[in-house]
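For reference, the structure is listed below as C-alpha cells.
Chain A is the first sequence line, chain B the second, and so forth, proteins listed ahead of strands; every chain is numbered from 1.
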Amino acid sequence: MDIASVIVDVPAKQTDREFDYRIPEKWKQVIKPGMRVIVPFGPRMVQGFVTGLKSKSDFAKLRNIKEPMDLEPILNDELLKLGDWLTKEAMCFKISALQAMLPAAMKAKYEKVINIIEDKKEQLPPLIQKLFGKHDSLSWKDVIEGEHASLFQKEVQNGNLELMYYVKNRLNKKTVRIIKPLLSPEELKEMASTLSGNAKKQQELLQYFIEHPEPVSLKELLEMVNASSGTVKSLVSKGALVELDQEIYRDPYENRVFEKSNPFTLTDEQAAALKPIQEKIKHDEHEVFLLYGVTGSGKTEVYLQAIASVMDKGKEAIMLVPEISLTPQTVKRFKERFGEQVAVMHSGLSVGEKYDEWRKIHRKEVKVVVGARSAVFAPFENLGLVIIDEEHESSYKQEETPRYHARDVAIQRAKSYSCPVILGSATPTLESFARAKKNVYQLLTLSQRMNKNALPAVDIVDMREELRTGNRSMFSELLFTKLKDRLEKGQQAVLMLNKRGHSSFVMCRSCGLVINCPNCDISLTYHRFNDIMKCHYCGFEEGMPSDCPECASEHIRFFGTGTQKVEEELAKILPDARVIRMDVDTTNKKGSHERLLNAFGEGKADILLGTQMIAKGLDFPNITLVGVLSADTMLHLPDFRSSEKTFQLLTQVSGRAGRHQLPGEVVIQTYTPEHYSIELSAMQDYDFFFEREMYLRRQSHYPPYYYVVLITVSHEDLMKTVSVTDKITNYLSSRLNRDSIVLGPVASPISRINNRYRYQCLIKYKREPDLNQHLRTLLEHYQKETAQNHLQISIDLNPQIMM
DNA sequence: AGCACGCCGACT
DNA sequence: GTCGGCGTGCTC
C-alpha cells in the first residue's frame with residue numbers, strides 16, 4: 001500500500017478526480033486516508049487530500065508525495081464518505097466538498113517565489129542583483145508586477161534563477177512563550193551569588209524563580225518582575241532559564257464565567273416529547289423528529305436534556321442554531337449546562353478561533369458543539385444526536401457552492417451513526433411538516449407556553465385606513481397609544497421593520513426617475529450616515545446628487561423606510577423614549593450585537609428597534625409589546641415561499657412578547673390585512689396556514705409536491721445569455737418526463753449584476769432519476785466557456801431563494 | 001486553476 | 001529574423 005489516491009486543490013472540471021502518488025518510504029506508516037498532503041502537480045506544488053491507499057496504479061510515471069500536512073487524519077472515514085455524498089448532492093467539485101467540511105484556516109495558502117541559484121549571483125545582470133539586494137529570494141507577484149518581468153524570465157531560462165512553489169497552512173496554532181527554570185532553586189541561588197552587582201534585574205528574575213519554580217508565560221513574568229525581555233534572554237544564554245512555545249487555544253469566551261445550571265423539571269408536554277427521543281438514543285436508532293412547539297414552549301430545555309442523555313452514553317451532539325440567533329444568550333444556556341464540554345462555531349469568530357474550536361472537537365476535548373450551518377460537519381466520531389433549531393430558517397442552506405442544506409447533511413450523518421435528528425420550530429417548513437404528517441418524520445408537539453400564558457393578543461392595523469383618516473406617519477394610532485402606555489408603565493417594546501426587498505431608494509419627485517446601479521438592474525440604496533448611494537450587489541458607490549440627472553429638478557430624495565428614519569420619527573413623537581437601534585449599521589462591529597442586547601435586557605432602553613435580526617431568540621421578561629411596522633414588504637417578492645416566510649417571521653416576532661409573567665400584545669401594521677399569511681399569523685394558527693398553503697403549492701406545482709431546480713445563466717452579452725438559457729431549457733424539456741415542468745428562459749428577478757445579464761430556467765419535477773446526469777452533461781457541454789469565465793451556469797437543487 | 005507549448009502577426 | 005499575443009491541452 002505505497003500509493004495514495006489524492007484529490008488536488010484545483011477546483012476545475014478536468015482535475016475533479018483522484019490522482020495517484022507514490023508514498024516515500026519514510027512516510028509509509030504515516031500517511032493515511034483523510035490527511036492533507038503537499039503534492040507536485042505539473043510544475044507547481046498543491047495541497048491535496050488523501051482519499052485512499054492502494055498498492056497498484058494504472059498510471060506508469062507516478063510522482064512522490066512531497067510531504068504530509070497533518071500528523072493524523074483530519075477527515076475520518078465517515079466524513080470522507082460524506083464528501084462523496086455532498087459532491088453528488090450539491091453537484092460540486094470533490095475538492096470543494098472536502099474543503100466545505102473544514103474550517104477556513106485549513107485551506108492552503110500558496111506562495112510562489114523566485115530564488116537565486118547558489119553561486120550564480122555574479123552572473124546576473126547588475127539591475128537584477130540590485131533588486132534582490134541582500135535577499136536570496138523575491139516574491140513572484142512583486143516581480144511580475146514590477147517593470148523588469150521579462151528580464152527575470154530570461155534569467156530563469158538561463159538557469160540563474162529558479163521558481164519555487166510553497167504550500168502553507170493558512171494559519172498556525174497560536175502559541176505563548178513560556179519561561180521555565182532549567183536549574184533547581186538551590187542552583188539558581190548559587191548563580192545569583194555569582195552575578196555581578198549591577199545585574200539587578202537578573203537578580204530579581206532569579207529570585208522570582210527561586211520562589212516560584214513552575215513555568216510562567218513570558219508576558220506575565222515581565223509584568224510581575226517589571227523586567228524586559230532582554231534580561232530574560234541573558235539568563236537564557238547563561239543556561240538558567242529556557243524559553244519554549246506552548247500551544248494554546250484562542251478562547252472567545254475567555255473572560256466569562258458560566259454558572260452551572262441544572263435541568264429544569266419538564267412540563268408534561270415536554271416530558272412526553274422527550275421520551276421517544278430518549279428511546280431512540282437508548283437503542284442507537286435513527287429517526288427524524290419534528291419538534292413542533294409554539295414560541296415560548298420550552299424547546300430548548302428538551303434539547304438540553306436530550307443532549308444530556310446522549311452524553312451519558314458517552315456520545316456527542318451537534319446543536320445547530322441559525323446564525324442570527326447564535327447570540328451569547330443562546331451560547332450561555334449551553335455553556336451553563338455543559339460547561340467545558342461545549343465548543344461554539346459561528347461566523348463572528350475569527351478564522352483562528354474557529355480553527356481552535358474545531359481542534360477541540362477533533363481532539364475529543366468537547367462533547368457538544370453549538371454552531372451555525374457549517375457546524376453540521378463537526379468532526380465527531382461517535383455522534384449521538386443532531387439538533388436543528390428553527391428548522392425553517394433559510395440560512396441553513398448555503399447559497400454558494402457547495403449549495404448544501406444543513407438539514408440534509410444532518411440526516412445523512414445521523415444515518416451513518418444510527419442516531420436521531422431533532423428538527424425544532426414553531427413554524428416548520430411545509431416540507432418538514434408534510435413529511436411529519438406522512439410519518440416520514442415523527443411529530444412531537446408542544447402546544448402550550450411554559451408559563452401557561454396565552455399566546456399574545458394580536459391586532460392587525462390596516463395602514464390604508466390610517467392614511468384615509470389622515471395619519472401619514474409610519475405609526476398607526478393604535479401602535480402609538482400602546483407604545484405610550486408601555487412607556488408610562490415602564491415596560492419594554494420591540495419594533496420590527498421588515499426591510500427585505502424594501503430598502504431606501506432614491507427617486508425624483510418631479511419626473512419619477514429612480515436611480516439605478518449602472519452595473520446591475522437594481523436601485524441603489526441610500527445610506528444616510530455618509531450620504532452616499534450604494535449597490536448591494538456589486539458594491540458600486542456614488543454620492544447623493546443635489547438635483548435630478550434626468551430633469552434637473554431639485555426634488556430628488558430618498559424613499560422607503562430605514563431603521564434610521566424610524567428612529568428619527570420616534571424621537572419626534574415620543575421624545576422621552578430611550579431607543580436602541582439594531583441593524584447592519586449598528587451591529588457590524590464585533591460584540592456590538594451582544595452589547596446592545598445586554599443594554600436592552602438591563603432595562604437601559606424602552607424600545608428595541610430593528611430588522612429581522614431581532615425576531616429570534618430574544619427572551620426578556622419585560623417585553624409586553626411587539627410592533628411590526630410593515631408586515632407585507634416581503635410578501636410581494638417573486639418567490640413561491642414569500643407567504644411562508646412572512647407567516648414565519650410574523651409568528652416568530654410575535655412570540656417575543658409576554659414570555660414570562662406579564663402578558664404580551666402584538667400590533668401588526670400592513671397594507672394587505674386580508675392576506676391569509678398575515679391573518680393566520682395574527683391568529684397564530686399554523687395548522688390552518690399549512691392547509692391553505694399546501695393547497696396553493698399543489699395547484700402551482702411547487703414543493704413539497706414537486707422538487708425544484710433553478711438554473712441561472714449569466715453572461716456579459718444579453719443575446720448569448722438568452723440563447724444559452726433557451727438551449728438548456730429545450731435540452732431539458734426534451735429529455736425529462738412528460739409530467740415534469742421546465743419553465744424558461746426568463747430574466748432573473750435581478751436581471752443584471754455587475755454588468756452580466758442573468759436568465760434562468762426553472763425545473764419542477766416529481767421523479768427524475770436521471771436529472772443529475774442530464775445536468776452534468778449540460779455543464780460538460782458548456783465547460784469550455786465556463787472555464788474561461790465568459791459564461792456562468794449555476795445549478796441550485798432545492799433553491800431556498802429564487803433570485 | 002496555472003502553466004507550457006505552439007502557432008500567427010508586428011517590431012528591433 | 002524574434003517577441004509576445006492568447007488558443008489548446010495537461011497535470012498522477
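The separation between A:Met45 atom CE and C:dC12 atom C1' is 13 Å, rounded to whole Å. Rounded to whole Å, the distance from CG on A:Leu62 to P on C:dC12 is 10 Å. Atom pair A:Gln788:CD and C:dG9:P shows a separation of 12 Å (rounding to whole Å applied). In this structure, CG of A:Asp20 is placed 11 Å from P of C:dC12, rounded to the nearest angstrom. To the nearest angstrom, P of C:dT8 lies 13 Å from CD of A:Gln783. The separation between A:Lys784 atom NZ and C:dC6 atom C1' is 14 Å, rounded to whole Å. Taking atom CD of residue A:Glu785 and atom P of nucleotide C:dG7, one finds them 13 Å apart after rounding to whole Å. If you measure from atom CG of A:Asp9 to atom C1' of C:dT11, you get 14 Å, rounded to the nearest angstrom.
Taking A:Tyr765 as the reference, A:Tyr707 meet the ring pair (Phe, Tyr, Trp, His ring centres under 6.0 Å) condition, with sequence neighbours excluded. Not counting sequence neighbours, A:Phe380 has no partner by the ring pair (Phe, Tyr, Trp, His ring centres under 6.0 Å) test. Applying the side chain to side chain donor-acceptor pair (under 3.5 Å) rule to A:Asn519 yields the partners A:Asn755; only residues at least two apart in sequence or on another chain are considered. With sequence neighbours excluded, no residue forms a salt bridge (Lys or Arg N to Asp or Glu O under 4.0 Å) with A:Arg373. A:Lys720 pairs by the side chain to side chain donor-acceptor pair (under 3.5 Å) definition with A:Glu785, not counting sequence neighbours.
Among the protein residues, A:Tyr21 comes within range of the sugar-phosphate backbone only, with heavy atoms under 4.0 Å from sugar or phosphate atoms but none that close to a base. Contacts of A:Gln14 with the nucleic acid, taken as non-hydrogen atoms under 4.0 Å apart, include base atoms. Residue A:Tyr165 is classed as a sugar-phosphate contact, given heavy-atom separations below 4.0 Å to backbone atoms only. A:Arg44 comes within 4.0 angstrom of a base, heavy atoms only.
The side-chain ring of A:Phe19 is not stacked on the base of C:dC12, judged by centre separation under 5.5 angstrom and plane angle under 30 degrees.
Nucleotides of DNA chain B with any atom under 4.0 Å from a heavy atom of chain A span, from 5' to 3', B:dA1 to B:dC3.
Between A:Lys28 and A:Glu25 there is a salt bridge, since a side-chain N of the basic residue sits under 4.0 Å from a carboxylate O of the acidic one.
Comparing A:Ala787 and A:Leu163 by the nucleotide of DNA chain B whose heavy atom lies nearest to each, the residue mapping closer to the 5' end is A:Ala787.
Contact check for A:Lys32 versus A:Val50: no side-chain heavy atoms found under the 4.5 Å cut-off.
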